[in-house]
A.B. asks: 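So that we are looking at the same thing, I have put the structure below in structure tokens.
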Amino acid sequence: MIALSRRIASTLFALTFPLTVLILPASAAAGEADRLAERLQVGGQPMPVASIRDTPMEGIYQVRLETGESFYSDVEGQYFLVGDLYENSGQGLVNLTEQSRNDERATRLAGVADAERIIFRGTSDSQAEIVVFTDTTCPYCRQFHEEVPDLNAMGIEVHYLAFPRAGMNGEGARQLQQIWCADNRSEAMSSAKRQEALSGAVDCDNPVEAQYHLGMEVGVQGTPAIVLPDGRMVPGYVPAERLADMLGLDG
């Protein structure tokens, strides 16, 4: 099994261009994309192909691996390209890879049930929701949490997912597991962001590890990582008014 570097993988996501998409079963036998999947090897080892998609360039295919990493290949699997694909349109350069990366990110996050999130809604009518990968040991996450009441007042829901930046063996992972195991998760999250000690258990059935891996798969490299409704990811702390502006709302 061949894996691309984590740094490259974090910047490359599947190209969801509005053309044919072929999800490949192991026994696929028809079409160039199927044959490409059978040919894809590096050092004699087969690559773990999840899907192959057409691109706007004839003879070039986007290959997505089971690990979430992706690259481009010719039909013979002899030449690989790693990078973003742009369209030179009348409006200027359009990053098609970034567009598809955002689409896939939004789709992946939409699959996370509300019951597995920690949601701060406030009392105003909802105008938008953002997903935020967070870590209680992160100073900028604590600073962002102070903005949550202002965001809620503007009708912006904050949906937290866990991303222990030091990995599953770090203090952040333990605290996040305590939060997701708490009877009142929102209260536990706010307490942890105030750096108050948590005393709850960590051994309940919780989604922290799954969300950590999801975060890595959708390109999270640090916290907070804010994902807008269209799948765009904004790394780092952003003030409430600026976020409202990015969402097209009045601050």
A.B. asks: Group every Ile, Leu, Val, Met, Phe, Trp and Tyr by side-chain heavy-atom contacts under 4.5 Å, then state whether Leu85 and Ile60 land in the same group.
C.D. replies: yes
A.B. asks: Quick check on Asp183: does its CG atom have over 12 non-hydrogen neighbours (other residues, nucleotides or ligands) under 6.0 Å away?
C.D. replies: no
A.B. asks: For residues 48-121, pull every pair meeting disulfide (SG to SG under 2.5 Å), keeping only residues two or more places apart or in separate chains.
C.D. replies: none
A.B. asks: Just to verify, what does Asp150 make a side-chain hydrogen bond (donor to acceptor under 3.5 Å, both in side chains) with, not counting sequence neighbours?
C.D. replies: none
A.B. asks: Any side-chain to backbone donor/acceptor pair from Gln127 onto Gly155? Under 3.5 Å, distance only.
C.D. replies: no
A.B. asks: For residues Tyr140 and Leu228: do they belong to one hydrophobic cluster (side chain heavy atoms under 4.5 Å, members Ile, Leu, Val, Met, Phe, Trp, Tyr)?
C.D. replies: yes
A.B. asks: For Phe133 versus Thr223, what's the shortest heavy-atom pair and its separation?
C.D. replies: O-CG2, 3.7 Å
A.B. asks: Verify the cluster assignment for Leu247 and Ile119: are they in a single hydrophobic cluster under the rule of side-chain heavy atoms below 4.5 Å apart?
C.D. replies: no
A.B. asks: With sequence neighbours excluded, tell me which residues meet salt bridge (charged side-chain N to carboxylate O under 4.0 Å, His left out) with Glu76.
C.D. replies: Arg39
A.B. asks: For residues 85-171, pull every pair meeting disulfide (SG to SG under 2.5 Å), keeping only residues two or more places apart or in separate chains.
C.D. replies: none
A.B. asks: Going by the side-chain hydrogen bond (donor to acceptor under 3.5 Å, both in side chains) test, name the single residue among Glu104, Arg64, Arg101, Gln62 that passes it with Ser70.
C.D. replies: Gln62
A.B. asks: Would you confirm whether Asp245, through its side chain, and Leu249, through its main-chain N or O, come within 3.5 Å as a donor-acceptor pair?
C.D. replies: no
A.B. asks: Where do Ile52 and Ala37 come nearest, in terms of heavy atoms and distance?
C.D. replies: CD1-N, 3.7 Å
A.B. asks: Going by an N to O cut-off under 4.0 Å, is there a salt bridge joining Arg117 and Glu129?
C.D. replies: yes
A.B. asks: Please identify each residue that fulfils salt bridge (charged side-chain N to carboxylate O under 4.0 Å, His left out) with Glu58, with sequence neighbours left out.
C.D. replies: none
A.B. asks: Tabulate below the donor-acceptor pairs under 3.5 Å that side-chain atoms of residues 172-182 make, not counting sequence neighbours, or state none.
C.D. replies:
unit_1, atom_1, unit_2, atom_2, d
Arg174, NE, Glu171, OE1, 3.1
Arg174, NE, Glu171, OE2, 3.4
Arg174, NH1, Gln178, OE1, 3.0
Arg174, NH2, Glu171, OE2, 2.4
Gln175, OE1, Thr136, OG1, 2.5
Gln175, NE2, Glu171, OE2, 3.1
Gln178, NE2, Leu198, O, 3.2
Gln178, NE2, Gly200, O, 2.9
Trp180, NE1, Glu116, O, 3.0

A.B. asks: Given the ring of Phe120, does Lys193 sit roughly above its face, with NZ or CZ under 6.0 Å from the centre of the six-membered ring and within 45° of the axis?
C.D. replies: no
